[in-house]
Asks: 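First the structure, which I've put down as structure tokens, then a few questions once you've had a look.
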Amino acid sequence: MLIVQGRDDPVVPAKLAVALAAAAGPRARIELVSGDHVSILGVGDRAAEALFRSRLARGCAPAAQSER
């Protein structure tokens, strides 16, 4: 499980995302990124996608087009 969390999120504080990752177990990974609740990716969408895709486990496949 990959959890992506904005450091400045006023709705879901980063400490709660860290707690979620801890509760999810050792296979959970968390990426704290700059941004808030809505704009964690902003204009850096392509760079963020490349970052997150590089962290996917080899057994994880991207969602099918119909699931997006």
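Given the structure is predicted, the values throughout are model-derived calculations rather than measurements.
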Asks: Quick one: closest heavy-atom pair of Gly6 and Ala14, and the distance?
Replies: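 Residues Gly6 and Ala14, closest heavy atoms: O-CB, 4.4 Å.
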
Asks: Mind checking who shares a hydrophobic cluster with Ile3, ILVMFWY linked at side-chain heavy-atom distances under 4.5 Å?
Replies: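 Members alongside Ile3: Met1, Val18, Leu20, Ile30, Leu32.
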
Asks: In the hydrophobic clustering (ILVMFWY, side-chain contacts below 4.5 Å, transitive), which residues join Val12, or is it alone?
Replies: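 Taking Ile, Leu, Val, Met, Phe, Trp and Tyr as members, Val12 shares its hydrophobic cluster with Val11, Leu16.
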
Asks: Would you mind reporting whether Glu31 and Leu2 have side-chain heavy atoms less than 4.5 Å apart?
Replies: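 Side-chain contact under 4.5 Å: yes.
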
